Amino acid sequence: MDAILIQILNGVDKGAAYALIALGLTLVFGTLGIVNFAHGALFMLGAFCSVTFNKLLTLSVKVKDEGVTLFEAFKEEPYLKIWFGDTGLAIIDYSVPLSILMAIPVMILVGYVMERGLIQHFYKRAHADQILVTFGLAIVLQEIVKATFGANPIPQPPPEIVAGSANVGLWLGLGESVVYPWWRLIYLVFSGAVIFAVFAFLQFTTYGMVVRAGMRDRETVGLLGINIEKRFTIVFALAAVVAGVAGVMYTPILPPDFHMGMDFLVLSFVVVVVGGMGSLGGAVAAGFLLGIVQSFASMNEVKEIFPGIDQIIIYLVAVAILLVRPRGLLGRTGVMED
Amino acid sequence: MKKINVNDTTLFLSFAAVILLMPIWLSPFGAAYPDLLQKFAIYGIFAIGFNILFGLTGYLSFGHAAFLGVGSYAAVWSFKLFTMNVLPAVAFGIFFAGLLALAIGFLSLRRSGIYFSILTLAFAQMSYNLAYSVLTPITNGETGLQLTSNDPRWIDAMYKTPEAGLPSTELFGLTMNGYPGFYFCAVILIICFYISLRIFRSPFGLTLRGIKTNQKRMKYTGFNTRPYMLAAFVISGMYAGLAGSLLAITDPLAGAERMQWTASGEVVLMTILGGVGTLVGPMLGAGLIKYFENIFSSFNSGTLHEVFSFLPDGLEVVVVKVTGLFVGSGWHLTLGLLFMIVVIFLPGGIVEGVQKLARLFRPKTDDDPQAPAPQKQAAE
């Protein structure tokens with residue numbers, strides 16, 4: 001029982017990241033009809049927003065170290081500490097969650113520029129062309145990040161107060177053995193909130209209703225005199241923001257490096273396919289499902305029976321789904337079924 | 001789509017001549033050393049094979065690197081277990097890649113379009129992950145598969161006394177490195193080109209083009225398109241396996257990174273850069289990419305300072321800094337940009353670009369203003 005709970009918990013935080021990326025991917029596919037191979041790069045850009053923000057906060061100046069009296073010593077002191085004292089230090093401590101504030105406008109900008117500058121010229125071209133051009137863009141973004149931040153992962157600490165682990169087992173009356181890092185719990189809650197916000201936006205606002213109508217039948221919505229392209233551009237920016245904040249919050253779990261986007265992209269595509277192209281609920285469900293499946297497959301007991309299963313289980317599931325039920329778990333009939 | 005009034009023999013002979021004379025005409029470009037020439041030939045084979053699938057049928061596979069990797073592994077195992085002779089290695093490489101392609105193709109070809117791309121990508125990633133983890137006894141994981149001095153080499157052991165040190169690959173006594181290695185690859189490349197030419201001109205090739213244009217209609221006219229697609233997929237997988245085994249022949253080492261999906265992306269780029277669905281395009285693209293990769297990645301800030309030393313000092317520093325992003329380890333940035341530029345502005349690749357230019361400079365005739373210049377048609 002404990003073991004199962006631990007595996008589920010381990011699975012859901014990865015699953016949450018898959019779900020957030022896949023949500024944006026499928027949103028873009030459902031609205032713009034674009035297969036965006038650069039979406040993983042947006043996730044990575046978000047993560048590096050957090051790195052940049054942290055660097056900005058910890059901009060330091062050399063000051064004389066008062067603690068050393070024997071000779072003149074210097075130490076690095078962040079400006080924030082000099083200006084605000086302990087409040088400044090607290091701000092630095094919370095740099096990861098605070099960097100969301102920076103990530104949102106940056107990702108909106110990136111998404112907008114990307115859609116207007118590049119993607120909109122590819123609406124009418126073949127899917128193969130879309131895949132290729134966004135694949136090129138992903139390489140470019142990735143290399144720019146590599147040139148700026150170097151090739152090594154840059155660890156980002158979570159705030160001090162949530163650095164430890166939560167004793168989840170005790171809460172559920174299962175004993176002391178089930179512990180789970182606080183930050184992963186936070187990530188889970190956060191991703192749930194983001195997913196809820198996206199769904200609420202699409203479901204309960206007039207704007208979202210028009211977007212959904214456009215996903216169903218773009219032409220008719222256009223004939224009604226609604227500028228659907230403009231709304232879709234905003235949807236693209238929204239997808240970029242979702243991927244970006246997913247990346248920001250993921251940095252304490254996985255130190256960001258330049259190829260993290262590519263690593264997540266392939267899996268997220270698999271998630272989208274399993275969930276059904278263009279199906280939002282499918283993407284979320286499949287994200288969590290595959291995260292958990294992967295986590296179970298990496299249990300030692302399972303690995304003893306099927307060695308290496310943890311490496312390929314996601315792909316196996318995807319292949320099985322594509323061959324048996326090509327529209328995916330929750331995909332609509334007739335959408336990209338052949 | 002394409003008129004078959006071109007003199008194919010001329011095309012084939014000039015292709016062979018150009019390839020075989022590469023050591024001579026490439027020397028002014030600083031590219032005429034065997035290692036690089038071997039790469040041209042090998043990746044040319046890879047791209048030509050990929051083009052048989054993507055160019056003719058329009059199915060974009062993102063998993064061809066898996067076949068390349070399997071070809072390499074099979075060849076190195078042949079060196080380890082049987083003999084250092086290259087012919088069995090090539091045979092094994094082609095055979096196992098073909099086998100894998102048959103399995104992957106059988107499943108993937110049930111879907112088309114983007115699903116096909118993702119399926120092949122999934123299979124390739126699966127092979128890559130397996131090569132890194134469970135299959136370590138076969139692939140030697142991260143270190144890569146290498147020759148060792150205590151390999152059995154049963155066939156060689158029968159009639160040869162083992163020498164000290166690692167043996168090198170050979171073709172009946174001819175060592176396969178340097179120029180002999182290149183000429184071996186070049187001859188195979190020319191054979192591969194010939195096969196591809198025959199496929200392009202055959203009813204089989206025509207069927208594949210029909211599938212690209214309108215698969216549904218092909219089915220309505222009574223064609224069972226599946227076997228044709230599978231045949232194209234397996235042939236192109238075998239080309240990739242052949243290229244992989246040649247990589248192992250020129251440098252007996254196989255690593256899993258050859259199977260990574262960025263490697264699959266590279267062959268797509270080569271094909272697109274040269275011209276999808278054309279005969280010489282893929283070779284052209286492969287050569288250009290490998291050439292620029294070689295030139296660009298050898299640059300460092302020192303050579304850049306030399307190149308731009310004519311500029312005033314302040315400007316020079318800036319220019320060196322900016323260009324420094326694109327060369328050396330930043331070569332992938334250039335590759336990505338190139339990828340985007342080609343897809344955006346020149347979807348038909350260099351061959352189309354040349355045809356467009358030729359049309360521009362040719363006086364218009366009344367009967368067929370759209371026809372490209374005859375001498376360029378030869379290079380389609």
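Each chain gets a letter, A, B and so on, in the order the sequences are listed, and its residues count up from 1. Note that the coordinates shown come from a computational prediction; the quantities given were computed from them, not determined experimentally.
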| task | Counting only heavy atoms closer than 4.5 Å, note whether B:Ile272 contacts chain A via side chain, backbone, both or neither. | result | side chain
| task | For the pair A:Arg125 (side chain) and B:Val343 (backbone), establish whether a donor and an acceptor sit closer than 3.5 Å, ignoring hydrogens and angles. | result | yes
| query | Can you say whether A:Ile131 sits under 4.5 Å from chain B via the side chain, the backbone, both, or neither, judging by heavy atoms? | reply | side chain
| said: Can you tell me which of A:Val266, A:Leu141, A:Leu118 forms the most heavy-atom pairs within a distance under 4.5 Å of chain B? | reply: A:Val266
| query | Quick check, are the ring centers of A:Tyr315 and B:Phe123 under 6.0 angstrom apart? | reply | no
| remark: Between the NE2 atom in A:His127 and the CZ atom in B:Phe116, the distance rounded to the nearest 0.5 Å is 15.5 Å
| Nearest 0.5 Å, what's the CD1-NE2 distance between A:Ile139 and B:His332? | 7.5 Å
| B:Leu60, part contacting chain A, at a heavy-atom distance under 4.5 Å | side chain
| request: Identify which part of A:Val35 has an atom lying under 4.5 Å from any heavy atom of chain B, answering side chain, backbone, both or neither. | output: side chain
| request: Identify which part of B:Leu121 has an atom lying under 4.5 Å from any heavy atom of chain A, answering side chain, backbone, both or neither. | output: side chain
| said: I need the minimum non-hydrogen distance between A:Val133 and B:Met340, along with the two atoms involved. | reply: O-CG, 3.7 Å
| task | Would you indicate whether B:Arg226, at its atom CZ, is surrounded by more than 12 heavy atoms from other residues, nucleotides or ligands within a distance under 6.0 Å? | result | yes
| said: I'd like to know whether CZ of B:Phe106 has more than 12 heavy-atom contacts from other residues, nucleotides or ligands below 6.0 angstrom. | reply: no
| note | Applying ring-ring contact (aromatic ring centres under 6.0 Å, His included) to A:Phe37 and not counting sequence neighbours gives A:Phe269, B:Phe62
| message | Need one label for A:Leu265: side chain, backbone, both or neither, based on atoms under 4.5 Å from any heavy atom in chain B. | response | side chain
| field | Over 12 foreign heavy atoms within 6.0 Å of OH, B:Tyr291 | value | yes
| request: With rounding to the nearest 0.5 Å, note down the distance linking CD1 in A:Ile314 to CD in B:Gln125. | output: 11.5 Å
| side chain to side chain donor-acceptor pair (under 3.5 Å) partners of B:Thr207, counting only residues at least two apart | none
| query | What distance separates A:Phe122 CZ from B:Ile344 CD1, expressed to the nearest 0.5 Å? | reply | 5.0 Å
| task | List the atom of A:Val273, the atom of B:Ile118, and the distance in Å for their closest heavy-atom pair. | result | CG2-CD1, 3.5 Å
